[in-house]
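The structure appears right after this line, and notes come after that.
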Amino acid sequence: MLDAKFIRENLDYVKKKIEERGTRIDLDKFLILDEERRRIIQEVEELEHKRNRGSKKVGELKRQRKDDESEWLQMELKGISEKIKEFGEKRNQVEEDFKDFLLNVPNIPNDSVPYGKDSSDNLEIRRWSRPREFDFNPIDHVEIGKKLDILDLERASKIAGARFALYKGLGARLERALINFMLDLHINEHGYTEVLPPFMANRDSFIGTGNLPKFEEELFKIEETELFLVPTAEVPVTNIHRDEILSEEELTKKYVAYTPCFRKEAGSYGKDVRGIIRQHQFNKVELVKFATPESSYDELESLTKDAAIVLELLELPHRIALLCTGDMGFSSAKTYDIEVWIPSENTYREISSCSNCEDFQARRAGIRYRPKEGGKPRFLHTLNGSGLAVGRAVVAILENYQESDVSVKIPKVLVPYMGGVERIS
RNA sequence: GGAGGGGUGGCCGAGUGGUCCAAGGCGCCGGUCUCGAAAACCGGUAGAGUCUUUCAGGCUCUCGUGGGUUCGAAUCCCACCCCCUCCGCCA
């Protein structure tokens, strides 16, 4: 959520920045709403002031046993109270419209974000290693999974439907090994605190991160309870500190969490239908940071590095892209995508997305900190990034590490996590 | 699921219709004392919105949330949410 005062005072700038994202928002409507809101606040508060003063007087009169005068005044005040109620309803309505409007305005891109329409305008920042050249015809992860009997998509669809996976044997083991490897790395080497949050969260939490009210159709909802399955650990973990005031000394706070993620993938019909690239349920290790405004962009760089190191250690070729204004998520002010090489598609595919949301989520979720030098609490900056998407890491390993005999070598760092297994064959 | 208890400022906790502009304590900040520190003592310490904007102040709201009663609600009434204890069921 943007600061209403900031929009009011920087209308042209905000307009331009929102347009750069390719979002159309009628900010003139906002101005009208804002003006009406402030007008009605003034009206109501003036009446309330009158009433409060009068009520105090009634108390005095009663103590002085001036019952007639009091009676008179009470009658007058009753009228004012009725008016307050009437205006109050109007005020509530306007405040609600005002808030609804703000909750649907996306974040402003940081000035370091390049302008662009879609993913083709993203800026490649760097590449790590080169795709391997095969001296045989490589096959895709679906075939590898079937031949090695570690991935059974037919039976998964019998159980739950399309876009679900059933891992078996060393396939399941590989998924689990990756989760543990990533968690240990971020905990031990990068200083994150491990958390294991609920896999469902309530509406307020989803509003806090910006997934609601705008993107409800992408979520799985548990009807009876008003809970939603988390589409990413970003939701429960960022909300750990909702409505809290932290002290500056505790910042930067760094959390890492493993959760399964549930997404309806509405609007992606016909996209990535083969394999396990795009699933309704997948595993992810997520990094979340709470930082001061002054440090958040440095923290974004280090967070992205923390995520990319996973791929370096797995020795998987990848590149990092700075997303352009038109390709960023709703809550983000700046995002780096990390993309891993997928041989069967002859291209890089997103495996991590690292964002600085600045104070956008903090304002929605009421997450503040008290500055060291004292004074008013300030909204802090929230950051998050995949570290990494586990299913896609499995795809990358199977395809990049395949041999001509359809066996798959296990990356060195994972062998201990695989109970010493060095090859799936 | 049943019964009972409870949600008050950064934290603990008192407060059953007007002087609550929320006692007291802890913590924090400043001062006195001291070579310095501790202790003691003194003083100050919530947030949001809005207006005027001498950036200082005025006003309004906030005691879990939303309604209601009343001239006036932390306090009375209704609904909901959350936490705790016990019982039942269960991994």
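Residue numbering restarts at 1 for every chain, and letters A, B, ... go by the order of the sequence lines. Values below: all heavy atoms of this structure, side chains included; hydrogens, waters and symmetry mates excluded.
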Requested in this report: Using the C1' atom as the reference point in each nucleotide, state the distance between A23(B) and U8(B) in Å, no decimals.
Outcome: 12 Å
Query raised in the report: Any side-chain donor paired with an acceptor under 3.5 Å for Asp327(A) and Ser119(A)?
Result: no
Would you tabulate the side-chain donor-acceptor contacts of residues 384-394 of chain A under 3.5 Å, counting partners in other chains and residues two or more places apart, or write 'none'?
| from | atom 1 | to | atom 2 | distance (Å) |
| --- | --- | --- | --- | --- |
| Asn384(A) | ND2 | Glu234(A) | OE2 | 3.3 |
| Ser386(A) | OG | Ser353(A) | N | 3.1 |
| Arg392(A) | NE | Ile277(A) | O | 2.9 |
| Arg392(A) | NH1 | Glu350(A) | O | 2.8 |
| Arg392(A) | NH2 | Ile277(A) | O | 3.0 |

Query raised in the report: What integer number of Å spans the C1' atoms of C21(B) and U62(B)?
Result: 14 Å
Report task. Using a strict cut-off of less than 4.0 Å between a Lys/Arg side-chain nitrogen and an Asp/Glu carboxylate oxygen, indicate whether Arg203(A) and Glu226(A) qualify as a salt bridge. Result -> yes
Requested in this report: Considering only atom C1', compute the distance from A56(B) to G13(B) and round it to an integer number of Å.
Outcome: 34 Å
Report task. Please tell me which of Arg53(A) and Ile245(A) maps to the more 5' nucleotide of RNA chain B, matching each residue to the nucleotide holding its nearest heavy atom. Result -> Ile245(A)
Report summary line: Symbol by symbol from the 5' end, with Watson-Crick or G-U pairs under 3.5 Å, [ ] crossing and | another strand, RNA chain B is ((((((((.[[[..)..(.....]]]((((((.......))))))(((((((...))))))).[[[[[..)....]]]]])))))))....
Query raised in the report: Base, sugar-phosphate alone, or nothing: which one does Arg203(A) contact when heavy atoms must sit under 4.0 Å apart?
Result: nothing
Query raised in the report: Expressed as a whole number of Å, how far does the C1' atom of U69(B) sit from that of G17(B)?
Result: 12 Å
Report task. Determine the contact category for Arg8(A): base if any of its heavy atoms lies under 4.0 Å from a base atom, sugar-phosphate if only primed atoms, P, OP1 or OP2 are that close, otherwise nothing. Result -> sugar-phosphate
Query raised in the report: Does the ring centre of His280(A) sit less than 6.0 Å away from the ring centre of Phe220(A)?
Result: yes
Query raised in the report: Charged N to carboxylate O under 4.0 angstrom, Lys16(A) versus Glu19(A)?
Result: no
Report task. Walk me through it: do Tyr369(A) and Ile245(A) pass the test side-chain contact (heavy atoms from CB on, under 4.5 Å)? Result -> CA-CA 5 Å; Tyr369(A) 75 99; Ile245(A) 301 173; 5.7 Å; no
Query - Salt-bridge contact Glu9(A)-Lys5(A) (side-chain N to carboxylate O under 4.0 Å) - result: no
Query - Sugar-phosphate, base or nothing in reach of Asn92(A), heavy atoms under 4.0 Å - result: sugar-phosphate
Query raised in the report: When you measure from every atom of RNA chain B, which of residues 71-80 of chain A have a heavy atom less than 4.0 Å away?
Result: Gln74(A), Leu77(A), Lys78(A)
Requested in this report: Applying salt bridge (charged side-chain N to carboxylate O under 4.0 Å, His left out), name anything that partners Lys147(A), two or more places apart in sequence or on another chain.
Outcome: Glu143(A)
Query - Rounded distance in Å between the P positions of U50(B) and G7(B) - result: 32 Å
Query - Contact list for residues 27-54 of chain A, test ring-ring contact (aromatic ring centres under 6.0 Å, His included), sequence neighbours left out - result: Phe30(A)-Phe98(A), Phe30(A)-Phe101(A)
Query raised in the report: When you compare U19(B) with U75(B), how far apart are their C1' atoms, in angstrom units rounded to a whole number?
Result: 16 Å
Requested in this report: Name the nucleic acid region contacted by Lys85(A), choosing base, sugar-phosphate or nothing; use a 4.0 angstrom heavy-atom cut-off, strictly under.
Outcome: sugar-phosphate
Query - Sugar-phosphate only, base, or nothing, as touched by Arg368(A) at under 4.0 Å among non-hydrogen atoms - result: sugar-phosphate
Query raised in the report: Any luck finding a side-chain donor-acceptor pair between Ser268(A) and Arg278(A) under 3.5 Å?
Result: no
Report summary line: In the 5' to 3' direction, the nucleotides of RNA chain B bounding the stretch that comes under 4.0 Å of a heavy atom in chain A are G18(B) to G72(B)
Report task. Write down the distance separating the C1' atoms in G47(B) and G31(B), rounded off to the nearest Å. Result -> 27 Å
Query raised in the report: So, are Asp121(A) and Lys117(A) salt-bridged, with charged N and O less than 4.0 Å apart?
Result: no
Report task. For Lys62(A), answer base if it contacts any base atom (sugar-phosphate contacts may also be present), sugar-phosphate if it contacts only those atoms, and nothing otherwise; contact means non-hydrogen atoms under 4.0 Å. Result -> base
Query - P atoms of G68(B) and C28(B), separation to the nearest Å - result: 44 Å
Query raised in the report: Does the pair Lys264(A)/Glu216(A) count as a salt bridge with the N-to-O cut at 4.0 Å?
Result: no
